[in-house]
Every structure is written in structure tokens, then in C-alpha cells.
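The next block holds one structure in the form of C-alpha cells; read it before the comments.
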Number of protein chains: 2
Amino acid sequence: MVDLNSSIDPSPLREEDLRQGIELLFYAYRDFTGEPDAILDKYDLGRAHHRVIYFVGRNPGITVTELLEILRITKQSLSRVLGHLLETDFISQRADPADRRRKQLTLSDKGKALEHELTSTQMERFARAYREAGAEAVEGFRRVLIGIVEPEDRARVRPAAIRAQNRR
Amino acid sequence: MVDLNSSIDPSPLREEDLRQGIELLFYAYRDFTGEPDAILDKYDLGRAHHRVIYFVGRNPGITVTELLEILRITKQSLSRVLGHLLETDFISQRADPADRRRKQLTLSDKGKALEHELTSTQMERFARAYREAGAEAVEGFRRVLIGIVEPEDRARVRPAAIRAQNRR
DNA sequence: GAATTAAGGTCAACCATATTGACTTAATTA
DNA sequence: TAATTAAGTCAATATGGTTGACCTTAATTC
């Protein structure tokens, strides 16, 4: 248990600062999902589709099980969303030659185009924020948010070079 | 439009770094809501109730309209959640004496206790992350996330002292 | 080779949280 | 007094999640 109200602590983690973090995360997430949501409407897709498209695009050949671990939802819930993306040819699947039970998911060209349309709004938002805050602030942002993520998932969010080492 | 692929730019905002930001926000938000969700289950409440309890606790006397602006949901959607919290005495309301159309919302003692139970798990998560990352990193975290939030809502997330000035 | 395990899929029922749209009431403001 | 504002309500609908039961196919283990 952390002492949240000490007025003696020389370098106190004040409750106010902690609540500010909570609120920043709430507002940032709210606004960061707003623009993609509007685009998704045009395609009759929802935020859940965006998440699938994003992580398949980011991890070409990812399997259903791996996707479920990232999204932390049930297979049945993923099934409707992924099924629709397969039917509408945003995503393609093929059996893993090394283990034919596994299906490797990839974005089609159509899927890549949508992924780019969706993600570029979010990347532009981050680009502005990074530019205005400066490189040092970006490093701090990373350090704090990595600390918020559960330790066992921290490796997922490392830069691509490091991620490749940890892969399978 | 930001140039995301320049290999000439001397200080490039690489796509990889921007995607890392996107993913950090996704994973951090996912994990940051996990613990409260488990507690809420015990009370037969959901994440929507948590948000209402949090922001009423944080802004005692807040009105329905102000709450809607923060949450960015519709009145009808708030109604069920808030109605239930009023029925079960987590939240109390009283008419604003200066404008009796407005209803000022506050947490009951029961509501305060639940707010604390829920929020303390999130504050502990932030306290650990802040402590491990260091004060400078925390400042960077703040600067970047404030830049992600829509400009018109940035004032909402300033420390209490500044917030009080901007109030009404 | 048979049994077990793993990956994926499916059906069904259900629930939480959100939406749009139309309408009402009460109180304040012009 | 008329218009506006704050809040509430009814109804229909959509989305994205859940639990639980069950099936097929392929790989692994005994």
C-alpha cells in the first residue's frame, strides 16, 4: 500500500498527481479513438474491427490465439468481428505450413489501405504530441506507460527490433 | 500530413515510434481498467458506473450536463447508469439553489468508499510507474498525453489549483 | 497406433453500454 | 409572455462483450 497523503515525505507522490495520470489516460484514450471511429462508420465497421485490423497489420501471420491474448477477449467475441473481416476481404488467412491447425492472418491490400487510413489519423495525433513535447518528454512518456502495462505484456510493446528477437 | 517515412529527416518521427505510442496507449488502458473491473463485478456494476463515480467524486456538485461533456456519451446512456447509482445510494443529488433546474451530484459515504476502493488500485499502479520512471519521466508523460487530448479539454486535466481558477 | 491435447470454429442465450429520435416537465432568461 | 435550458423518459436498435456446450482437425504424447 502506498501512502498517498503524507505531507512529510520529502518527494511525495501526491494523490493529485496520481489522479492526473488517471484522467490523462482517460481523456487521451477517449480522443485517440474518436477519429478512427468516425472513419469506421463509413465502412460499417466498429472499434473492435479496428483493433483486429491494427494488430494483424502489425503482426503479419499472427494466429487467432495470439490475437486473443493481445485483445483479451473471448474467441466467440473475436469470431464475429474476424469472420466479418474475412468475408469482406479485409483479412486473409492461410494454414501455417509448420502446424496446419494454426491459421496465419494477414491484411489484404484492401485491409492495408483501411489500416493506413485509420492508423494515420492516430499517428498524426502522436506526431504532433511528440513534436510539441520534445524527444526527452517522449522518452518519459514511454517509461511511465510501460510501467502501467502488466509486466508480462511489456515485451509486446518494445520497438520492432527487440520484438523480433522475442518472437517465437 | 506528416512525412512518416523520410529517411533524410535528421530527427525523424519514425512510424515505428508513433506505432509504439499507439500500442502503449492501448495496452496501458486495457490493463489500467482491469483491476477496477474485477472489483465492480462484486457490486454488480460496470465500467460505466466507475466512470460516473470517479468524475462525480472528483467534481463534487457536478451537473448532469457537465458529466455528459466529460464522458462524451448521450443523456439516455448516462441515465440508466446514473439512475442506478442514485437508487442504490452511491450518489446523491440536490437542486442547485442558484438554478433549480440543475441537479448537483455528489458521492454518498457509500459512494466515496467505493470510489476509493476502485481508484486506489489505479493510483497504486500509477504510483509504481511514476516511482520507477522518475520525476522527469513523469513530466514527459504529462506533456505527451496532454498533447494527445483535444485542445479544448486540456484544461480539464490540469492540477487542482489551476482547475479551480478555470471553474465556471 | 491409440489416446490426449491444442487450435480453431460454431450455436445459443444473454448482458452492458452505447446510439437515434421523439417527447415532456420545470425553471430560467430574454 | 415566449423562448431557451436542464433534466428526464419511452422506444427501438446496434455493438461488442460474456458463459457454456459442443465439434472438427491436426499434432503430440503415451
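Values below: every heavy atom of this structure, side chains too, minus hydrogens, waters and symmetry copies. Residue numbers start from 1 in every chain, and the chains themselves are labelled A, B, ... in the order their sequence lines are given, proteins ahead of strands.
- Using a distance-only test at 3.5 Å, with no hydrogens or angles considered, a donor-acceptor pair links the side chain of B:Ser108 to the main chain of B:Phe90.
- Axis orientation changes by 30° from one end of the helix from C:dG1-D:dC30 to C:dA30-D:dT1 to the other, with each end axis drawn from 5 pairs and the value rounded to 10°.
- When heavy atoms are screened at a 4.0 angstrom cut-off, B:Gln104 is found touching no nucleic acid atom at all.
- Within the nucleic acid shown, B:His49 comes within 4.0 Å of sugar-phosphate atoms alone, with no base atom in reach, counting heavy atoms only.
- A 4.0 Å heavy-atom criterion places the boundary nucleotides of DNA chain D facing chain B at D:dT5 to D:dC10, written 5' to 3'.
- One interatomic measurement links the two molecules: CG of A:Leu71 to P of C:dG8, which rounds to 14 Å at whole-angstrom precision.
- Salt bridge annotation for A:Arg58-A:Glu66: absent, with no cationic side-chain nitrogen under 4.0 angstrom from a carboxylate oxygen.
- Taking for each of B:Arg80 and B:Gln76 the nucleotide of DNA chain C with the nearest heavy atom, the 5'-most of the two is the partner of B:Arg80.
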Inset, instruction - Given salt bridge (Lys or Arg N to Asp or Glu O under 4.0 Å), test B:Lys112 with B:Glu115 step by step and report yes or no. - result: CA-CA 5 Å; B:Lys112 282 178 193 165; B:Glu115 196 281 334; over 6 Å; no
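- Rounded to whole Å, the distance from CG on B:Leu82 to C1' on C:dA16 is 16 Å.
- Rounded to an integer number of Å, the gap from NZ of A:Lys75 to C1' of C:dC11 is 12 Å.
- Crowding of A:Arg94 atom CZ: a count of heavy atoms from other residues, nucleotides or ligands under 6.0 Å not exceeding 12.
- The main-chain N or O of B:Arg156 is never found under 3.5 Å from a side-chain atom of A:Tyr27 such that the two would form a donor-acceptor pair.
- When B:Asn59, B:Leu67, B:Leu85, B:Val52 are each tested for a side chain to side chain contact (heavy atoms under 4.5 Å, CB included) with B:Leu105, only one passes: B:Leu67.
- Computed from coordinates, the B:Leu78 CG to C:dA16 C1' distance equals 15 Å when rounded to whole Å.
- Comparing A:Ala98 and A:Leu45 by the nucleotide of DNA chain D whose heavy atom lies nearest to each, the residue mapping closer to the 5' end is A:Leu45.
- Not a single side-chain hydrogen bond (donor to acceptor under 3.5 Å, both in side chains) links B:Glu69 to another residue, sequence neighbours left out.
- When rounded to the nearest whole Å, the span between CZ of B:Arg72 and P of C:dT20 equals 14 Å.
- The only option from A:Thr106, A:Leu82, A:Leu86 that meets the side chain to side chain contact (heavy atoms under 4.5 Å, CB included) definition with A:Gln93 turns out to be A:Leu86.
- Taking the six-membered ring wherever Trp is involved, the centroid distance between the rings of B:Phe26 and A:Phe55 falls below 6.0 Å.
- Nucleic acid contact class of B:Thr65 (heavy atoms, under 4.0 Å, all strands): sugar-phosphate only.
- Put simply, NZ on A:Lys103 is 8 Å from P on C:dT10, counting in whole angstrom units.
- Note: CZ (B:Arg101) to C1' (C:dT25) measures 12 Å, nearest angstrom.
- Counting to the nearest Å, the P atom of C:dT17 and the CG atom of A:Asp37 are 18 Å from each other.
- Along DNA chain D, the nucleotide nearest to A:Ala48 and the one nearest to B:Val64 differ in position, and the one closer to the 5' end is contacted by B:Val64.
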